[in-house]
Amino acid sequence: MFGWFNSKQVEEVAVEPKIEWVDESPKQVYDYFNDSTGIHFDHKKEIVTAKLIRFAKEHGSHSFSHLLFRLKSDSVLLQHLINYLTVNETYFFREMDQINYMTSDIQKTSKPIRILCAPGSTGEEAYSIAIALSEAGVNMGRISIVSIDINTDAIACAQEALYSKRSLHRADEIIIERYFTLLEDKYQLKDFICRYAEFKALNLFGSDLMTLGRFDYIFSRNMLIYFDEIKTAAAISRLISLVETSSSILFFGHADIITAPIGLKEHYEKRTKFFTKG
Ligand SMILES: C[S@@+](CC[C@H](N)C(=O)[O-])C[C@H]1O[C@@H](n2cnc3c(N)ncnc32)[C@H](O)[C@@H]1O
């Protein structure tokens, strides 16, 4: 009898609360999200609206205006939504031409070098840079790599440095053997290389961006594709404020459309496009 009573209670607890959804335009939520993060969803509004409704209901909201009211006053809820909606796709050794270009540039000097990945998602980019520099025989003692991302779950994954085979599909077996330890079906990056990259949960548009200091090389790859023209320009000007000198280099992703890059000078060397402050 008690068994029946308990399982019935569990069933009752598991039932999702029925929320009567008030139908209204999601525009203000989109605008607020765009303003906070830079991301817009103009090309996939239907899918994202369905996701937003689901998110709102799961968090006890019955309308977009109620969700918006709560997002404005609850930074934890806003962070949940950011983690839910950002696309963190990345993998090791992506767009290596730029990393190789930087590596040969760094080999020409012996000065301390600061590198920024903004954004770095789950860490593959920052660690690929560390591995490439280490493989090239660069003295790693003079290298500092900082990787930021707005998604706190992505930052936690980067710090854990435990990757799937899919994430390593571009990696040679010899590199996997040298830098990773196989743990069941996952690959743990070894400590001796992990320690060259530092990860911070940070919004490119946040007021704490300048606490990062300045950098000799900035990678900002495959984030601007999610921004509109206005936010792309704003992001570029934030990135420019982080360069160390007028010869510091900025790399963008191949898919990032950098039209009329105000404040940037374009270069093309060794089949690699990059920018300096201009
Ligand atoms: C597709 S990933 C690119 C990762 C890596 N740079 C690459 O090219 O493989 C895009 C990342 O941008 C991050 N992002 C989006 N808006 C951001 C913002 N305002 N500040 C910091 N990171 C942001 C997302 O969380 C996501 O992890």
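Whatever order the structure lists ligands and atoms in, that order sets their numbers, starting from 1.
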**Request:** Quick one: look up the protein heavy atom nearest atom 10 (C) of ligand 1 and list residue, atom name and how far away it is.
**Result:** N222 O, 3.3 Å

**Message:** Does ligand 1 come near enough to T90 that some N or O of the ligand is less than 3.5 Å from an N or O of the residue?
**Reply:** yes

**Prompt:** When you look for heavy atoms under 4.0 Å from ligand 1, do you find them on the side chain of A154, its backbone, both, or neither?
**Reply:** neither

**Asked** Do the two ring centres, one from H59 and one from F55, sit under 6.0 Å apart?
**Response** yes

**Message:** In this structure, is the centre-to-centre distance between the rings of F192 and Y179 below 6.0 Å?
**Reply:** yes

**Fill in**
Counting from 1 in the order shown, the ligand 1 atoms closer than 4.0 Å to a non-hydrogen atom of L204 are 18 (C), 19 (N), 20 (N), 21 (C)

**Asked** What are the atoms of ligand 1, with element, lying closer than 4.0 Å to any heavy atom of S121?
**Response** 4 (C), 27 (O)

**Prompt:** In ligand 1, which numbered atoms sit nearer than 4.0 Å to a non-hydrogen atom of L202?
**Reply:** 20 (N), 21 (C)

**Prompt:** Hey, does P119 come in under 3.5 Å of ligand 1, counting only N/O atoms on both sides?
**Reply:** yes

**Request:** Would you mind listing which atoms of ligand 1 come within a distance below 4.0 Å of any non-hydrogen atom of T37?
**Result:** 16 (N), 18 (C), 19 (N)

**Request:** Would you kindly confirm whether F180 and M96 end up in one hydrophobic cluster when ILVMFWY residues are joined by side chain heavy atoms under 4.5 Å apart?
**Result:** yes

**Request:** Decide whether the shortest distance between a heavy atom of I148 and an atom of ligand 1 is less than 4.0 Å.
**Result:** no

**Asked** Identify the closest protein heavy atom to atom 15 (C) of ligand 1: which residue and atom is it, and at what distance?
**Response** I39 CD1, 3.8 Å

**Item:** K51, NZ atom: more than 12 neighbouring heavy atoms under 6.0 Å
**Value:** yes

**Complete:** Taking only non-hydrogen atoms of E125 and a 4.0 Å limit, the atoms of ligand 1 in range are 5 (C), 6 (N), 7 (C), 8 (O)

**Prompt:** Considering only the protein, which heavy-atom contact is closest to atom 24 (C) of ligand 1, and what is its distance?
**Reply:** D149 OD1, 3.5 Å

**Fill in**
Out of N151, I82, T86, V87, the nearest non-hydrogen contact to atom 26 (C) of ligand 1 is supplied by V87

**Prompt:** For ligand 1, which atoms have a heavy atom of N203 less than 4.0 angstrom away?
**Reply:** 18 (C), 19 (N), 20 (N)

**Request:** Please assess Y30 against T49 for the test side-chain hydrogen bond (donor to acceptor under 3.5 Å, both in side chains), listing each intermediate value before the final yes or no.
**Result:** CA-CA 9 Å; Y30 277 115; T49 300; 2.8 Å; yes

**Message:** Classify the ring geometry of H267 against F274: parallel below 30°, tilted from 30° to 60°, perpendicular beyond 60°.
**Reply:** parallel

**Worked check of side-chain hydrogen bond (donor to acceptor under 3.5 Å, both in side chains) between N83 and T152** = CA-CA 7 Å; N83 290 2; T152 52; 2.8 Å; yes

**Request:** May I ask you to check whether Y196 and S134 show a side-chain donor-acceptor distance below 3.5 Å?
**Result:** no

**Request:** Give the atoms of ligand 1, by number and element, whose distance to some non-hydrogen atom of R221 is under 4.0 Å.
**Result:** 3 (C), 5 (C), 6 (N), 7 (C), 8 (O)

**Message:** Counting non-hydrogen protein atoms only, what is the nearest one to atom 14 (N) of ligand 1? Give residue, atom name and distance.
**Reply:** I150 CG2, 3.6 Å

**Request:** Take the angle between the ring planes of F227 and F205 and call it parallel below 30°, perpendicular above 60°, tilted in between.
**Result:** tilted

**Prompt:** Any sub-3.5 Å donor-acceptor pair from N34's side-chain atoms to I39's backbone N or O?
**Reply:** yes

**Request:** Give the atoms of ligand 1, by number and element, whose distance to some non-hydrogen atom of N88 is under 4.0 Å.
**Result:** 24 (C), 25 (O), 26 (C), 27 (O)

**Worked check of ring-ring contact (aromatic ring centres under 6.0 Å, His included) between Y32 and F69** = CA-CA 10 Å; Y32 185 67; F69 171 78; over 10 Å; no

